[in-house]
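This one's a predicted model, so the numbers in the text were calculated from it and none came from an experiment.
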Amino acid sequence: MEEVLAGLLLINGTDIYTQYGAFLAEETEDGNVNYDSLLQFPDLKEQPKVSLQDEDGERTPDVVAQAYEARDITLQFAIAAPDARTFLTRYFAFMRFLKEGDDGWLTLRLTDVGLQFRVYMVSSPGYSQLVPFGRGEVAASFTVKFHEPQPTFEFTGQTHE
């Protein structure tokens, strides 16, 4: 499993699996909630228009300039560790890393598909203990909500083999 997860997701250049034991996780074996969230295009900004009382319909510009709204991306992560102490150390360090970023900013780079996103952390709205404390190995999944103020869908073309 380690060779599959290592180098898959870099945040600010840090391999989160190698550094924190964190990785993108799915609820089901064939799930895609993470890529669904990452690849969902944001809404387009509303176009300027004027509705005059004595005219049918509305007036719009001759040239429609399309631009994206800011968007939120919610990702599901997991961390597993051989014991509670290691798990808690990894989990709290990873969450602190996401909160602090580089002046708060995070660059998410998915090496398997060559995509990059510039975001900041907004919240962590979900946590699920998968393997309870006190039984040796400990594992949990948790969601993190990020905000992308200027969506770019940057395709780097560089993939991890």
Discussion item. Evaluate Ile16 against Leu9 for side-chain contact (heavy atoms from CB on, under 4.5 Å), listing each step before the verdict.
Written reply: CA-CA 7 Å; Ile16 64 165; Leu9 175 59; 3.6 Å; yes
Worksheet entry | From CA spacing to verdict: side-chain contact (heavy atoms from CB on, under 4.5 Å), Asp72, Val119 | CA-CA 9 Å; Asp72 291 330; Val119 299; over 6 Å; no
Item to complete: Let me see the working for Leu38 and Leu115 under side-chain contact (heavy atoms from CB on, under 4.5 Å), right down to the final yes or no.
Response: CA-CA 9 Å; Leu38 287 162; Leu115 291 174; 5.8 Å; no
Discussion item. Checking Phe23 against Leu8 for the side-chain contact (heavy atoms from CB on, under 4.5 Å) test, could you report, in this order, the C-alpha distance in whole Å, the side-chain angles of both residues, the deciding distance, and whether it holds?
Written reply: CA-CA 8 Å; Phe23 56 94; Leu8 191 60; over 6 Å; no
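Side-chain heavy atoms closer than 4.5 Å link hydrophobic residues (I, L, V, M, F, W, Y) into clusters, and following such links, even through other members, never connects Phe97 to Val122. Side-chain heavy atoms closer than 4.5 Å link hydrophobic residues (I, L, V, M, F, W, Y) into clusters, and following such links, possibly through other members, connects Leu39 to Val144. Phe133 and Phe92 fall within a single hydrophobic cluster, where Ile, Leu, Val, Met, Phe, Trp and Tyr side chains are chained together by heavy-atom contacts under 4.5 Å. With hydrophobic clusters built from ILVMFWY side chains whose heavy atoms lie under 4.5 angstrom apart, Val131 does not share a cluster with Phe77.
Rounding to the nearest 0.5 angstrom, the gap separating the CD atom in Glu100 from the CE atom in Met95 is 12.0 Å. Atom-to-atom distance recorded for Gln76:CD and Ser128:OG is 8.0 Å, nearest 0.5 angstrom. Rounding to the nearest 0.5 Å gives a distance of 10.0 Å between CG of Leu130 and CD of Glu137. Put simply, NZ on Lys145 and CE on Met121 are 11.5 Å apart, with the number rounded to the nearest 0.5 Å.
Listed for the Ser37 side chain is a donor-acceptor partner under 3.5 Å among the backbone atoms of Thr74. Side-chain N or O atoms of Ser124 include one that pairs as donor or acceptor with a backbone N or O of Thr143 at under 3.5 Å. Side chain of Asn34 to backbone of Leu24: no donor-acceptor contact under 3.5 angstrom is found. At least one donor-acceptor pair under 3.5 Å links the side chain of Arg90 to the backbone N or O of Ala80. Of the possible donor and acceptor atoms, none in the side chain of Thr86 sits under 3.5 Å from a partner among the backbone N and O of Pro82. Of the possible polar contacts, one joining the Asp15 side chain to the Tyr17 backbone as a donor-acceptor pair under 3.5 Å is found. Not one N or O on the side chain of Glu26 forms a donor-acceptor pair closer than 3.5 Å with the backbone of Thr28.
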Quiz: residues 50-57 side-chain donor-acceptor pairs under 3.5 angstrom, not counting sequence neighbours:
unit_1 : atom_1 : unit_2 : atom_2 : d
Glu55  : OE1    : Arg59  : NE     : 3.0
Glu55  : OE2    : Arg59  : NE     : 3.3
Glu55  : OE2    : Arg59  : NH2    : 2.3

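You'll find the side chain of Gln116 stays beyond 4.5 Å of the side chain of Thr152, heavy atoms only. Residues Gln129 and Val138 are in side-chain contact: their nearest non-hydrogen atoms beyond the backbone lie under 4.5 Å apart. The closest side-chain heavy-atom distance from Leu75 to Leu108 is below 4.5 Å. Annotation: side chain of Gln19 is not in contact with side chain of Phe94 (no heavy-atom distance under 4.5 Å).
Sorted by first and then second residue, the ring-ring contact (aromatic ring centres under 6.0 Å, His included) pairs with a member in residues 31-53 read Phe41-Tyr68, Phe41-Phe153; sequence neighbours excluded.
Among all heavy-atom pairs drawn from Tyr120 and Gly104, the shortest one is CB-O, 3.4 Å. Closest approach of Glu46 and Glu69 over heavy atoms only: N-OE2, 4.3 Å. Contact between Ile11 and Leu98 at its shortest, heavy atoms only, is CD1-CD2, 3.8 Å. Taking both residues in full, the closest heavy atoms of Asp102 and Asn12 are given as N-ND2, 3.4 Å, listed atom of the first, atom of the second, then distance. The shortest non-hydrogen separation linking Phe87 to Ile79 is CE1-O, 3.4 Å.
When ring centroids are compared, Tyr20 and Tyr91 stay outside the 6.0 Å threshold. Under the 6.0 Å cut-off for aromatic ring centres, Phe117 and Phe146 do not qualify, their centroids lying 6.0 Å or more apart.
Comment: Arg71 engages Glu148 in a salt bridge, judged by a side-chain N to carboxylate O separation of less than 4.0 angstrom.
Atom CD of Glu27 has 12 or fewer neighbouring heavy atoms from other residues, nucleotides or ligands inside a 6.0 Å radius.
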